[in-house]
**Q** 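Have a look at this one.
Below, each value reflects all heavy atoms present in this structure, side chains not excepted, and no hydrogens, waters or symmetry copies. Since we're looking at a predicted model, the values are computed, not measured. Below, chains carry the letters A, B, ... as their sequence lines are ordered, and counting in each starts from 1.
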There are 2 protein chains.
Amino acid sequence: MGEVRPYHHGDLRRHLVAAARAELEEHGVANVVLTRLAQTCGVSVAAPYRHFPSKEALLAEVANGGFTELAAALGEAARDGASPRDRLLDAGVAYVRFAIANPHLFRLMFNTDVRTPVGEESRESRGVLVSLVQECDLAVPVTRAVRASWAMVHGQAALCVGAMGKFEDLTDETIREDLEVLLDGMILAG
Amino acid sequence: MGEVRPYHHGDLRRHLVAAARAELEEHGVANVVLTRLAQTCGVSVAAPYRHFPSKEALLAEVANGGFTELAAALGEAARDGASPRDRLLDAGVAYVRFAIANPHLFRLMFNTDVRTPVGEESRESRGVLVSLVQECDLAVPVTRAVRASWAMVHGQAALCVGAMGKFEDLTDETIREDLEVLLDGMILAG
DNA sequence: ACCTGAACACCGTTCAAGT
DNA sequence: ACCTGAACACCGTTCAAGT
């Protein structure tokens with residue numbers, strides 16, 4: 001009976017986030033334009049403001065979705081490892097792979113100029129790393145081991161997707177090896 | 001004899017870069033507005049386009065200046081180290097300190113969405129790191145040692161100035177210690 | 001409750017014209 | 001050669017009004 005008007009049932013919010021995510025990875029964060037997102041969703045340019053207070057808030061939700069995805073990717077990668085050490089290494093490789101697969105999203109997540117009140121999602125992805133490190137038997141405090149391991153994989157990831165492009169030829173093995181020498185040092189250090 | 005018109009002798013270009021650098025660190029890259037820079041320099045809004053093809057090009061020059069500064073900071077920090085290992089550690093700490101001291105500049109340098117044709121300046125700052133690693137006697141190839149060391153300090157730096165703010169309480173000692181366990185692992189690894 | 005239409009504000013960029 | 005004045009284009013945001 002008559003045409004059904006789309007997006008009168010709460011779908012617009014999710015549709016906007018999905019469209020933003022797609023535009024982000026396609027054109028970069030600088031070229032995500034709210035007007036185009038509205039057009040894609042078939043609504044007026046003002047409609048998004050019924051669901052988000054600002055463009056920035058919309059992008060923050062995209063970033064939070066990225067953290068959820070990242071946590072899932074780390075958990076999945078670590079599932080099949082034979083030892084705690086292997087699981088941590090697998091997760092580390094997955095971290096860098098995630099950045100390479102979603103460079104614009106990764107930058108949006110971590111390069112936040114604005115002091116975004118970080119969502120629970122980012123803590124969750126950190127938690128995966130913490131528990132993996134805890135299972136390893138390292139000679140340094142867990143806090144330090146987490147920080148150093150995270151810095152290593154994040155540095156590889158950031159240098160991969162950032163300027164300079166020196167790290168473009170990273171293979172899974174090189175990623176793993178770099179993290180491995182760090183773990184070797186942590187097993188021995190007191 | 002009469003008023004001297006400012007910026008008729010090639011000073012505007014440098015003045016614009018200096019103003020951009022100041023605004024960048026004050027308000028963040030998203031709030032660097034060309035109109036305000038022109039106003040600061042006492043010229044019309046169109047004047048900057050006599051010296052730069054775009055705002056992006058102006059920011060690229062600011063970023064290149066950052067790489068020159070970074071290279072100098074690394075070199076200076078490494079000057080007084082007692083051993084090759086100490087010099088590398090000192091440079092590593094200086095790298096993270098630079099990021100913390102100039103967070104917006106650091107992000108501009110490395111977080112380049114646009115595929116900026118990286119200037120010679122960035123290669124120079126990398127060269128400092130390479131030569132420091134070469135002097136150390138490590139059991140892994142220099143290429144790998146450079147990559148791992150750089151990833152470690154860059155990861156610390158990026159996580160410090162980026163989201164999440166988990167690394168805010170980094171002291172010089174913790175920075176150094178994280179890099180140290182990596183070096184320990186590299187001395188032993190074959 | 002959710003959306004439209006139209007407007008405003010801001011800012012990057014251009015261009016003809018000045019000296 | 002270098003700069004001004006004025007305009008245009010784009011886009012984030014707002015608001016009164018519709019259903």
**Q** Between C1' on C:dA16 and OH on B:Tyr49, what's the gap in Å once rounded to a whole number?
**A**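 Distance, rounded to whole Å: 17 Å.
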**Q** Could you pick out which residue, A:Pro53 or A:Arg36, lies toward the 5' side of DNA chain D when each is mapped onto its nearest nucleotide?
**A**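 This one resolves to A:Arg36.
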**Q** Quick one: label A:Thr35 by what it contacts on the DNA or RNA (base, sugar-phosphate, nothing), any heavy atom closer than 4.0 Å.
**A**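 It contacts sugar-phosphate atoms only.
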**Q** Separation of A:Gln39 atom CD from D:dG12 atom P, in whole Å?
**A**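 Rounding to the nearest Å, CD of A:Gln39 and P of D:dG12 are 13 Å apart.
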**Q** Just the rounded figure in Å: distance from C1' of D:dT13 to CG of A:Leu37.
**A**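 Going from CG in A:Leu37 over to C1' in D:dT13 covers 15 Å.
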**Q** Between A:Asp90 and A:Arg85, does a salt bridge (charged side-chain N to carboxylate O under 4.0 Å, His left out) hold up when you go through it step by step?
**A** CA-CA 9 Å; A:Asp90 288 340; A:Arg85 180 190 172 100; over 6 Å; no
**Q** Let me confirm one number: the CD-CZ distance from B:Glu124 to B:Phe67, rounded to the nearest 0.5 Å.
**A**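 B:Glu124 atom CD to B:Phe67 atom CZ measures 11.0 Å (nearest 0.5 Å).
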**Q** Kindly assign one of parallel, tilted or perpendicular to the pair B:His154 and B:Trp150, based on the angle between their ring planes and the thresholds 30° and 60°.
**A**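 B:His154 and B:Trp150: perpendicular rings.
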**Q** Give the rounded distance in Å between these two atoms: CZ of A:Arg13 and P of C:dC3.
**A**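 Going from CZ in A:Arg13 over to P in C:dC3 covers 12 Å.
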**Q** Looking only at side chains, do A:Glu23 and A:Asn31 share a donor and an acceptor under 3.5 Å apart?
**A**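 There is no such pair between these side chains.
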**Q** Any stems for DNA chain C, made of 3 or more Watson-Crick or G-U pairs in a row, each with both distances under 3.5 Å?
**A**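 Stem list for DNA chain C: C:4-8 with D:12-16, C:12-16 with D:4-8.
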**Q** Nearest whole Å is fine: how far is D:dT14 C1' from A:Leu34 CG?
**A**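 Atom-to-atom, A:Leu34 to D:dT14, this comes out as 13 Å.
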**Q** Output all residues satisfying side chain to side chain contact (heavy atoms under 4.5 Å, CB included) with A:Asn102, sequence neighbours left out; order by chain, then residue number.
**A**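 By the side chain to side chain contact (heavy atoms under 4.5 Å, CB included) rule, A:Asn102 matches A:Arg21, A:Glu25, A:Phe98, A:Leu105.
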**Q** Which atom pair, heavy atoms only, marks the closest approach of B:Ala71 to B:Val128?
**A**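 Minimum heavy-atom contact is O-CG2, 4.0 Å.
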**Q** Rounded off to whole Å, could you give me the NZ-to-P distance for the B:Lys55 and D:dC11 pair?
**A**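 The answer, rounded to whole Å, is 14 Å.
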**Q** Residues two or more places apart in sequence or in another chain: which of them pass side chain to side chain contact (heavy atoms under 4.5 Å, CB included) with B:Ser54?
**A**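 If we apply the side chain to side chain contact (heavy atoms under 4.5 Å, CB included) test to B:Ser54, skipping adjacent residues, the hits are B:Glu56, B:Ala57.
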**Q** Could you tell me the separation between the CG atom of A:Asn31 and the P atom of D:dG12, rounded to a whole number of Å?
**A**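 Spelled out: CG on A:Asn31 to P on D:dG12 is 11 Å.
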**Q** By nearest heavy atom, map B:Ser54 and B:Arg50 onto DNA chain C; which one lands nearer the 5' end?
**A**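 Looking at DNA chain C, the more 5' nearest nucleotide goes with B:Ser54.
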**Q** From CG of A:Asp11 over to C1' of C:dC3, roughly how many Å is that when rounded to an integer?
**A**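 Distance, rounded to whole Å: 15 Å.
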**Q** The side chain of B:Val33 lies closest to which of these nucleotides: D:dT13, C:dC11, C:dC3?
**A**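 Shortest atom-to-atom distance from the side chain points to C:dC11.
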**Q** For A:Ala47 and B:Ala46, find the nucleotide of DNA chain C closest to each by heavy atoms; which residue's nucleotide sits nearer the 5' end?
**A**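 Mapping each residue to its closest nucleotide by heavy atoms, the 5'-most match is A:Ala47.
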